[in-house]
Amino acid sequence: MKTKAEAARRIEELRELIHHHDRLYYVENRPEISDAEYDRLVRELKALEEEYPHLITPDSPTQRVAGQPVEVFASVEHKVAMLSLDNAMDPSDLREFEARLRRALPGAAFEYVCEPKVDGLGVALLYERGRFVRGATRGDGRVGEDITQNLRTVKSIPLTLRGKLGELRELEVRGEVYMPRAAFQKLNTELEEAGESTFANPRNAAAGAVRQKDPAVTAKRPLDIFLYHVSHADPFPFKSHWEALEGLRAAGFRTNPKSKRSPDLEAVIGYCQALEVERDSLGYDADGVVVKVNSLEQQRRLGATAHHPRWAVAYKFAARQATTRVLSIEINVGKTGALTPAAVLEPVELAGVTVSRASLHNEDEVRKKDIRFGDTVLIERAGDVIPYVIQVILSKRPPHAKRFVFPDHCPACGARAYRPEGEAIWRCTNAACPAQLKERLLHFGSRRAMDIEHLGEAVVGQLVDRELVRDFADLYHLTVEQLAGLERLAEKSASNLVEAIQKSKTRGLARLLNGLGIRYVGERAAQLLAAHFGTMDRILEATEAQIGEIYGIGPQIAQSVVKFFSESANRKTIARLRAAGVTLKEEGIGEGPRPLAGKSFVLTGGLKAIARDEAKDLIIKLGGRVTGSVSKKTDYVVLGEDPGSKADDARRLGIRTLDEAEFLKLVGKHPLPPHPTSPQWGEEKR
Ligand code: IVH
């Protein structure tokens with residue numbers, strides 16, 4: 001049993017450990033402990049803080065997502081104005097930059113630092129005595145918006161600083177928040193899966209995330225940051241920009257590993273040209289190089305104009321933009337019935353790729369940009385992302401250019417389309433819409449779902465058009481003869497396809513759930529559901545509350561799952577899949593006993609041998625429920641260490657209490673040694 005003072009000490013210790021491992025993982029990319037060990041530290045801290053809530057401080061690693069949604073962001077006046085940068089388009093502009101420096105400081109020798117100009121959002125972070133107290137957007141440069149709660153969720157932003165910088169009374173640093181390309185692609189896939197509108201590029205996605213009103217949403221968006229400037233420190237501890245970057249790193253900030261000191265301008269030019277060649281392999285969007293005079297004394301003497309510092313310049317990479325004409329606007333129908341507009345373009349070369357389509361995302365986007373038929377538009381291709389329309393060149397608009405009116409009918413099946421209030425997306429309401437069915441079948445057979453080889457677009461199109469397949473289950477009844485009758489499908493390919501379809505029967509519950517295309521249920525949610533329930537039958541029986549209790553599954557997913565399985569057509573499909581011999585359970589989980597069915601539990605106090613989340617999951621897995629407070633309907637109250645008022649409630653209401661050992665026995669778990677944790681049970685994954 002821990003005394004209060006012991007608990008306080010342990011809390012401090014855990015926080016330091018977690019901060020340390022966060023830095024190793026998020027900033028330095030060299031973790032020293034396993035995810036499971038890390039999770040154990042976090043859980044121990046959470047449990048202690050739950051017991052001693054008055055010891056929770058805002059810089060605790062558990063508090064990264066603690067803020068409440070806000071209505072509007074407060075204004076923040078920056079300590080030092082956030083200026084923009086002067087541009088250099090080619091080496092001769094860089095030489096001109098140096099010539100200006102020479103004129104301003106005759107006889108001086110200059111050393112430079114080159115850094116990738118990351119295409120994200122500039123932010124200012126304020127620390128007081130090493131604690132993160134405020135984060136703000138650039139705004140108009142003088143006044144920005146307070147986005148502290150959102151920035152706290154970015155794991156590579158340290159909440160407390162180490163070393164020298166951690167001791168300063170006040171420190172303001174600047175950096176660029178961005179979304180790594182891979183994370184951006186993944187986010188867009190997930191949004192698409194959920195039938196929501198996607199982002200045009202990583203920058204927009206990052207901007208959207210940073211300006212979320214609800215920090216819990218930001219926390220789910222994979223943001224990262226590079227720090228590149230110390231704008232205020234008292235006393236100022238560095239003599240050069242390079243030292244400042246090293247100092248930032250030592251304090252626990254992430255700085256760009258591509259930053260480089262350059263002894264002279266020729267080295268700068270070499271760096272700029274080399275980075276431009278490399279730009280696609282950086283993993284994030286960079287639109288240029290920022291070149292800075294290294295000496296801070298020289299920087300001070302050079303000063304700034306009203307718009308930009310004289311000691312820095314942004315070398316811009318060649319834009320991957322082009323202008324072309326909009327020939328028409330097409331509507332694509334997704335697997336959940338989402339209608340997405342795309343511009344069909346006059347083909348144009350864009351940095352080695354011929355572009356003939358651009359995503360237009362949704363109705364509002366088309367309206368906002370006022371894209372009309374025949375318009376000449378500026379398009380951009382960033383990384384390997386689908387090109388998008390930046391703007392219309394109004395001066396080239398043909399007279400009487402027709403406005404685009406979003407169709408109120410599905411272009412594929414003619415059924416009425418509607419746009420739910422508060423949503424950006426129009427949807428086709430027809431569950432039997434062939435376009436949806438085609439997309440759903442393609443998704444069902446995709447690699448991460450049922451993994452049916454040879455089930456491509458051409459085949460699926462014909463299967464649906466010829467009404468050979470009306471739902472997923474029909475796939476399993478297809479014969480070689482039927483398939484061989486399709487266009488461009490030889491007998492051999494037909495039998496390969498039948499074989500591939502039959503092979504997919506045993507993929508297991510998680511892949512099947514993913515394949516069903518339930519709104520909001522992507523790969524991860526499908527895995528959590530499968531791991532938790534083990535069989536389709538249990539999922540069919542589950543209530544929204546039971547599903548929502550799974551760690552990592554929110555109410556939106558729970559609601560969507562219940563809605564999906566309450567539709568009789570979907571239940572019929574499941575029954576037909578079962579009849580066809582498709583596996584409806586997850587290997588290794590099976591249909592275990594449910595000894596706690598209908599029993600309601602309350603957990604209170606710290607558990608030693610088992611984490612609280614794990615205990616919860618166990619109860620749910622065995623059929624029970626876990627609630628937050630003790631009532632007459634509670635069956636058991638599990639008392640850990642220092643249980644607090646819930647134990648009194650239990651006594652008062654005469655409810656059966658269990659100590660930890662009794663509880664573990666009840667759920668059939670041996671208290672020692674501590675059980676190896678399995679991520680399937682809803683560990684917090686990093
Ligand atoms: S230095 C006085 N360094 O580019 C310091 N800016 O157009 C000025 N940016 O608003 C900024 N990477 O958001 C600097 N390595 C880098 C940068 C960088 C991206 C952004 C920043 C700034 C904009 C200037």
Side-chain angles (χ1 to χ4, degrees), residues 182 185-186 188-190 192-195 332-338 384 386 412 432-519 521-531 535-536 564 570 573-589:
Q185 304 275 25
K186 188 160 164 278
N188 262 359
T189 310
E190 283 166 10
E192 223 171 84
E193 246 166 35
N332 300 313
V333 186
K335 71 173 194 280
T336 56
D384 33 18
I386 323 165
C433 170
Q436 282 181 56
L437 183 55
K438 285 175 195 171
E439 289 296 321
R440 281 208 304 270
L441 286 169
L442 282 170
H443 173 74
F444 186 80
S446 66
R447 218 164 42 78
R448 318 285 310 172
M450 297 297 265
D451 194 11
I452 304 176
E453 228 186 312
H454 316 296
L455 190 67
E457 232 171 281
V459 174
V460 164
Q462 296 184 67
L463 290 176
V464 173
D465 292 342
R466 299 184 185 202
E467 297 185 356
L468 288 170
V469 172
R470 285 189 205 84
D471 74 356
F472 302 133
D474 284 340
L475 285 174
Y476 295 96
H477 299 291
L478 289 171
T479 62
V480 176
E481 295 74 60
Q482 280 174 321
L483 290 173
L486 301 184
E487 268 166 46
R488 283 184 313 216
L489 207 67
E491 175 108 9
K492 178 76 187 137
S493 317
S495 80
N496 284 344
L497 180 52
V498 168
E499 202 178 305
I501 292 172
Q502 295 305 317
K503 230 168 82 186
S504 76
K505 283 181 178 171
T506 53
R507 297 275 184 249
L509 184 58
R511 282 166 166 277
L512 176 62
L513 285 170
N514 181 15
L516 291 176
I518 305 167
R519 204 167 171 209
V521 177
E523 194 179 358
R524 184 177 149 73
Q527 283 165 352
L528 289 173
L529 288 166
T535 69
M536 182 64 88
F564 181 89
N570 293 332
T573 301
I574 301 298
R576 296 189 61 227
L577 286 170
R578 188 194 308 271
V582 174
T583 305
L584 299 181
K585 62 180 181 187
E586 198 61 27
E587 232 12 82
I589 289 170

> For A531, does its backbone N or O pair with a side-chain atom of E586 as donor and acceptor, under 3.5 Å?
no
> How close do V521 and L513 get, heavy atom to heavy atom, and via which atoms?
CG1-O, 4.3 Å
> Is the backbone N or O of D451 less than 3.5 Å from a side-chain atom of R507, with the two atoms forming a donor-acceptor pair by type?
yes
> Dump the intermediate steps for side chain to side chain contact (heavy atoms under 4.5 Å, CB included) on F444 and I452, then the final yes or no.
CA-CA 8 Å; F444 186 80; I452 304 176; 4.2 Å; yes
> To the nearest 0.5 Å, what is the distance between CG on L455 and CG on L497?
6.0 Å
> Roughly how far apart are E481 CD and S495 OG, rounded to 0.5 Å?
10.5 Å
> Is a side-chain donor or acceptor of R511 paired with a backbone partner of T506 at a separation under 3.5 angstrom?
no
> To the nearest 0.5 Å, what is the distance between NE2 (H477) and CD (Q482)?
10.5 Å
> Could I get the full list of salt bridge (charged side-chain N to carboxylate O under 4.0 Å, His left out) partners for K505, not counting sequence neighbours?
none
> Working to the nearest 0.5 angstrom, can you tell me the gap between E491 CD and N496 CG?
11.0 Å
> Does V582 form a side chain to side chain contact (heavy atoms under 4.5 Å, CB included) with M450? I'd like the steps, not just the answer.
CA-CA 11 Å; V582 174; M450 297 297 265; 4.0 Å; yes
> Rounded to the nearest 0.5 Å, what separation is found between the CD atom of Q527 and the CG atom of L509?
11.0 Å
> Can you tell me how far apart CG (L483) and CG (L478) are? Round to the nearest 0.5 Å.
5.0 Å
> Counting only N and O atoms by type, is there a donor-acceptor contact under 3.5 Å from the side chain of H443 to the main-chain atoms of N514?
yes
> A484 and A494: which non-hydrogen atoms are nearest, and at how many Å?
N-CB, 3.7 Å
> Begin with the C-alpha distance, continue with both residues' side-chain angles, and end with the deciding distance and a verdict on side chain to side chain contact (heavy atoms under 4.5 Å, CB included) for L512 and M536.
CA-CA 10 Å; L512 176 62; M536 182 64 88; 3.8 Å; yes
> Below 3.5 Å, can you tabulate the donor-acceptor pairs from side chains in residues 461-473 to any protein atom, sequence neighbours excluded?
unit_1 : atom_1 : unit_2 : atom_2 : d
Q462   : OE1    : R466   : NH2    : 3.3
Q462   : OE1    : E487   : N      : 2.8
Q462   : NE2    : E487   : O      : 3.2
D465   : OD1    : K438   : NZ     : 3.1
R466   : NH1    : G485   : O      : 3.3
D471   : OD1    : A473   : N      : 3.1
D471   : OD1    : D474   : N      : 3.1
D471   : OD1    : R576   : NH1    : 2.9
D471   : OD2    : T573   : OG1    : 3.2
D471   : OD2    : R576   : NH1    : 3.2

> To check you understand the geometry: which heavy-atom pair defines the closest contact between A526 and A510, and what is its length?
CB-O, 3.4 Å
